[in-house]
Amino acid sequence: MAPFKITGAVVAAAAMVMLSSYCYLSFFFRVSDKKTRKKDKLSMRNGLVDAIGNTPLIRINSLSDATGCEILGKCEFLNPGGSVKDRVAVKIIEEALESGKLFPGGIVTEGSAGSTAISLATVAPAYGCKCHVVIPDDAAIEKSQIIEALGATVERVRPVSITHKDHYVNIARRRAEEANELASKRRLASEANGINQEKTNGCTVEEEKEPSLFSDSVTGGFFADQFENLANYRAHYEGTGPEIWNQTHGNIDAFVAAAGTGGTLAGVSRFLQDKNERVKCFLIDPPGSGLYNKVTRGVMYTREEAEGRRLKNPFDTITEGIGINRLTKNFLMAKLDGGFHGTDKEAVEMSRFLLKNDGLFVGSSSAMNCVGAVRVAQTLGPGHTIVTILCDSGMRHLSKFHDPKYLALYGLSPTATGLEFLGIK
């Protein structure tokens, strides 16, 4: 075979091929980069409301390693308003606007121990509405400070039974009625003034205004009614539940959460069991609440009530936003396989354990949910995947749940070094 000689023509041809390839690849990557940038631009979320939901589902390493189960937490504290209640606020307002019960310029009222109020105050302006919140005066002070900083008005009232006309929820309902009456009177007065102007050759007739909590421009009021409004349940059946199912790829054995309104527990439990009836769903209930007894014994009472004792507050617990002594419409939608009873001390110890071992700074309800997750793991045994909700962070609980002096007053100072408070050594 004759030796192959590299000529100038061969070199030139090779150079042309390399140049062509370089130009093609450069063009390809430029086009790909433009497509990527366009895709990134299109994947941007549209405003604050669109940023709510699709929160991360994380493995809680310390609890998973200790129990032999995969214990996963849905990071609802990463919502724009800082809690799981953002989902509920959006759903309630959107459904109210769609139904014509609320109009832009209207007042959304709610009786809330904190998180729902914060979420409503956060998202209401995005819909052109304002927010008026009635809150029990024993709730952590930082919650009402946040609500006011968000531009909402806050009424702090003494805590009484839900049957009392001045329970914070009942007052919030009245405030919505008052806003509607005010808007109606203003409309009638405006119409009458128009007629009077015609009769008096265009001269305006000034009428004395009644004092009101609301501005002249209010278009009406709408009581959010988070406890009985099934928009709460639907927010989780249509949002949180499907997200958990997709994030676990359907590989989930159990779900556990505490209940206040019952919306999260009901929406998620029903969705998961509609997808797979073998998924077990459980309640974790704080001290003083009657839900544990209802779920496990079919009777709605607490030990204290059975003995004829009752404190000034409906719930004898340091936790906020969970526990209740009545069945709400939202809770009645839940599909549950059982329940567990948690204590304040367990919740406090759990919060410190998670901070020390996982860097998770959680609030009281999140801590109680994690107590429930460990109880479920102990019941089912190793090898199961258990999901719970990390409702909000500890930033809203600094004056009580995360205050060493406050805890010391009630004998709740944390002392555990591990999970021995749940029987794990």
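From a predicted model like this one, the values you see are computed outputs, not experimental measurements. Here, residue 1 is the first one in the sequence, and each next residue gets the next number.
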Main-chain N/O of S115 paired with D392 side-chain donor or acceptor, under 3.5 Å
no
By salt bridge (Lys or Arg N to Asp or Glu O under 4.0 Å), which residues pair with K345, not counting sequence neighbours?
E349
Please list all pairs meeting salt bridge (charged side-chain N to carboxylate O under 4.0 Å, His left out) that have one or both residues in residues 244-261, counting only residues at least two apart or in different chains.
none
Pairwise salt bridge (charged side-chain N to carboxylate O under 4.0 Å, His left out) hits with a residue in residues 69-92, at least two apart
R59-E70, K74-E243, E76-R87, R87-E243, K91-E95, K91-E238
Partner set under salt bridge (Lys or Arg N to Asp or Glu O under 4.0 Å) for R174, not counting sequence neighbours
D166
Can you sort out the partners of F331 under ring pair (Phe, Tyr, Trp, His ring centres under 6.0 Å), two or more places apart, ordered by chain and number?
none
Which residue pairs pass the salt bridge (charged side-chain N to carboxylate O under 4.0 Å, His left out) test when at least one of the two sits in residues 255-269, sequence neighbours left out?
none
Compile the donor-acceptor pairs under 3.5 Å between side chains in residues 255-266 and protein atoms, sequence neighbours left out, one pair per line.
{"residue": "T261", "atom": "OG1", "partner": "N232", "partner atom": "ND2", "Å": "2.9"}
{"residue": "T261", "atom": "OG1", "partner": "G263", "partner atom": "N", "Å": "3.2"}
{"residue": "T264", "atom": "OG1", "partner": "H236", "partner atom": "NE2", "Å": "3.2"}

Sequence neighbours excluded - side chain to side chain donor-acceptor pair (under 3.5 Å) pairs with any residue from residues 358-377
S62-D358, E346-R375, R375-Q378
Which residue pairs satisfy the ring pair (Phe, Tyr, Trp, His ring centres under 6.0 Å) criterion with at least one member in residues 353-382, sequence neighbours excluded?
F361-H402
With a 6.0 Å cut-off on the ring centroids, do Y292 and F340 count as close?
no
Would you check if there is a donor-acceptor pair between the side chains of R156 and S144 at a distance under 3.5 Å?
yes
Show me the pairs that pass salt bridge (charged side-chain N to carboxylate O under 4.0 Å, His left out) and involve residues 264-292, at least two apart or across chains.
D274-K335
If you look only at pairs with a residue in residues 61-108, which of them pass as a ring pair (Phe, Tyr, Trp, His ring centres under 6.0 Å), with sequence neighbours excluded?
none
Among all residues two or more places apart in sequence or in another chain, which pass the ring pair (Phe, Tyr, Trp, His ring centres under 6.0 Å) test with Y237?
Y233, F271
